[in-house]
Structures are given as structure tokens and as C-alpha cells.
Amino acid sequence: MGKRSIKENKNIFFESREAMGYSRAQASELMGGISESSLEKMETGKTNIYPEDVVAMAKAYRKPELCNYYCTHECAIGRTSVPEVKISSLSEIVLAMLSSLNSLERQKNRLIEITADGEITDDELSDFVSIQTQLEHIDVTVEALKLWVANTIADGKIDKDKLDKLKK
């Protein structure tokens, strides 16, 4: 078990390693291709973190949400196109999804009216934005479910091989 740092303003990658109780040497060994010195530079902001490094950390620390964090905070493309997903319980995710789907069901006919002619007029824009916002909420909820599954797999509570076979 590694010593805990007293450094303030630790980044999420630093905190994730510490939460697992790993020293940099232990983490480096688990990740294979990342040296202790490279890990130290990433954790202290002295160097950029690359996607493959984040994937290795997410796996080693059993924290899949690191990938979403990287995409929504570190990646220039992701910051504008990837929704930030918060960790939620399965029941919260399901209730949010059902609420969004129920709302969208009520707005379905209006969406058809708005888009039937291939144009969105000024008087339709407000309703269209409302529906688009609801669709984005559904997207975030789906991503939250994916993250919940990934975390549950990382915790060993779902067998990934069985899940993958059932998906095919």
C-alpha cells in the first residue's frame, strides 16, 4: 500500500490511484506501458495525458468513468460533443430514462408536425429546442447506463464474457 500524498489540488487521475491504495510503482506495473515518472508527470499536470493512458488507468483503477472525464474535460473534441455523465444508481438511471421517454412520447406528434416539411420555422423553433433538449437528456441517461454497466463489470458483479455473448 502506497503512502497518501498531502498535496492539495490533486487531479482525478492522482485521486483515483490513491483511492485504490496504489503507489506509482504499483500502478505503473499494473498499466505496463506507463513509467512511474510519466505517471507522476500526468498526475501533476506537467505533461498531457493521452487517451490510451486514460484507458490504462481506468482499467487498472477499475474506474471506467475516467474515460468520460477525460473526454469531457481534457479532449478538445469531446468537450463540445460528449455529454458529461455522473455516476448514478441503477434505479435513478431507470427512473430518469422512463421519465424522459414518457415526456418524449407526449411530444412525438409535435416533432412530426415540425419536421414533416423538412424546415423548422421561427414559430416551431421553441418546441423543437424543447424536444431536442429531451433527446439530449435521453442520450445522457443511456450513457449513464453504459457507465453503470462498465463499473459493475469492473467491480466483478457482472460477467463481461456472458454479457458480450448475450449481446451477439
Side-chain angles (χ1 to χ4, degrees), residues 9-20 22 27 30-31 42-43 45 48-168:
N9 299 324
K10 301 172 189 177
N11 70 20
I12 191 169
F13 308 106
F14 193 130
E15 290 174 346
S16 297
R17 176 182 56 79
E18 279 198 333
M20 291 300 293
Y22 296 150
L30 280 172
M31 291 184 271
M42 287 184 256
E43 289 180 347
N48 289 331
I49 297 177
Y50 294 99
E52 57 272 12
D53 300 329
V54 177
V55 170
M57 287 181 207
K59 184 176 179 182
Y61 306 155
R62 295 190 310 269
K63 197 164 181 173
E65 61 270 22
L66 289 176
C67 295
N68 180 262
Y69 176 87
Y70 175 83
C71 290
T72 58
H73 291 83
E74 306 286 332
C75 173
I77 296 170
R79 281 193 302 263
T80 61
S81 61
V82 174
E84 185 171 6
V85 179
K86 301 291 184 198
I87 301 294
S88 300
S89 69
L90 183 58
S91 59
E92 290 172 319
I93 295 166
V94 170
L95 289 174
M97 177 64 73
L98 291 174
S99 174
S100 294
L101 291 172
N102 285 340
S103 176
L104 191 59
E105 179 63 28
R106 291 188 298 270
Q107 297 175 343
K108 178 179 66 175
N109 290 334
R110 180 64 179 139
L111 181 59
I112 292 168
E113 290 171 7
I114 293 170
T115 59
D117 61 1
E119 295 179 14
I120 300 172
T121 61
D122 287 347
D123 64 313
E124 297 170 329
L125 192 56
S126 177
D127 287 345
F128 181 76
V129 168
S130 175
I131 294 167
Q132 185 180 23
T133 300
Q134 197 63 43
L135 289 169
E136 289 168 358
H137 185 68
I138 291 171
D139 180 41
V140 170
T141 307
V142 168
E143 292 303 317
L145 182 59
K146 289 178 184 178
L147 185 56
W148 181 87
V149 169
N151 275 322
T152 306
I153 289 168
D155 289 342
K157 296 177 183 172
I158 290 179
D159 184 316
K160 182 177 181 345
D161 293 334
K162 285 183 183 178
L163 181 66
D164 289 343
K165 283 181 185 176
L166 290 169
K167 285 181 175 181
K168 292 181 181 181

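Counting begins at 1 with the first residue of the sequence.
- Sorted by first and then second residue, the pairs that involve residues 74-85 and meet salt bridge (charged side-chain N to carboxylate O under 4.0 Å, His left out), not counting sequence neighbours, are Glu84-Lys86.
- In terms of modelled atom types and a separation under 3.5 Å, the side chain of Thr152 and the main chain of Trp148 share a donor-acceptor contact.
- Atoms CG and CD1, on Leu66 and Ile12 in that order, are 5.5 Å from each other to the nearest 0.5 Å.
- By the side chain to side chain donor-acceptor pair (under 3.5 Å) test, Asp164 pairs with Lys160, sequence neighbours left out.
- Pairing each heavy atom of Ala144 with each of Ile93, the nearest pair is O-CD1, 3.5 Å.
- Shown here for Thr72 and Val82, the closest heavy-atom pair between the two residues is CG2-O, 3.4 Å.
- Summarising the geometry, atom CG belonging to Leu95 is positioned 9.5 Å from atom CG belonging to Leu90; distances are rounded to the nearest 0.5 Å.
- For the pair Met42 and Asn11, the tightest heavy-atom approach, listed with the atom from each and the gap, is O-ND2, 3.0 Å.
- Leu98 meets the side chain to side chain contact (heavy atoms under 4.5 Å, CB included) test with Val94; sequence neighbours excluded.
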Subject >> Met97 vs Leu145, side chain to side chain contact (heavy atoms under 4.5 Å, CB included): CA-CA, chis, key distance, verdict >> reply: CA-CA 9 Å; Met97 177 64 73; Leu145 182 59; 6.0 Å; no
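- Every residue two or more places apart in sequence or in another chain that forms a salt bridge (charged side-chain N to carboxylate O under 4.0 Å, His left out) with Glu105 is listed here: Lys108.
- A search for side chain to side chain donor-acceptor pair (under 3.5 Å) contacts involving Asp159 returns nothing, not counting sequence neighbours.
- In the displayed structure, Ile77 atom CD1 is contacted under 6.0 Å by at most 12 heavy atoms of other residues, nucleotides or ligands.
- Interatomic distance, CD of Glu18 versus NZ of Lys10, reported as 3.5 Å (0.5 Å rounding).
- Residues passing the side chain to side chain contact (heavy atoms under 4.5 Å, CB included) test with Lys165: none are found, sequence neighbours excluded.
- For Phe128, the side chain to side chain contact (heavy atoms under 4.5 Å, CB included) partners at least two apart in sequence or on another chain are Leu111, Ile114, Thr115, Ile120, Gln132.
- Glu113 meets the salt bridge (charged side-chain N to carboxylate O under 4.0 Å, His left out) test with Arg110; sequence neighbours excluded.
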Please report, to 0.1 Å, the donor-acceptor pairs under 3.5 Å made by any side chain of residues 49-63, with sequence neighbours excluded.
residue : atom : partner : partner atom : Å
Asp53   : OD2  : Tyr50   : N            : 3.3
Lys63   : NZ   : Ser16   : OG           : 3.4

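- In this structure Asp123 satisfies the salt bridge (charged side-chain N to carboxylate O under 4.0 Å, His left out) test with no other residue, sequence neighbours excluded.
- Nearest heavy atoms, Asn151 versus Pro64: OD1-CD, 2.8 Å.
- Atom CD of residue Gln134 and atom CG of residue Leu101 lie 8.5 Å apart, to the nearest 0.5 angstrom.
- Take Ser89 and apply the side chain to side chain contact (heavy atoms under 4.5 Å, CB included) test, not counting sequence neighbours, and it matches Ser91, Glu92.
- The distance from atom OG of Ser99 to atom CG of Leu104, rounded to the nearest 0.5 Å, is 11.0 Å.
- With sequence neighbours excluded, the residues that form a salt bridge (charged side-chain N to carboxylate O under 4.0 Å, His left out) with Glu143 are Lys146.
- Annotation: cation-pi geometry not satisfied between Arg17 and Phe13 (NZ/CZ under 6.0 angstrom from ring centroid, within 45° of ring axis).
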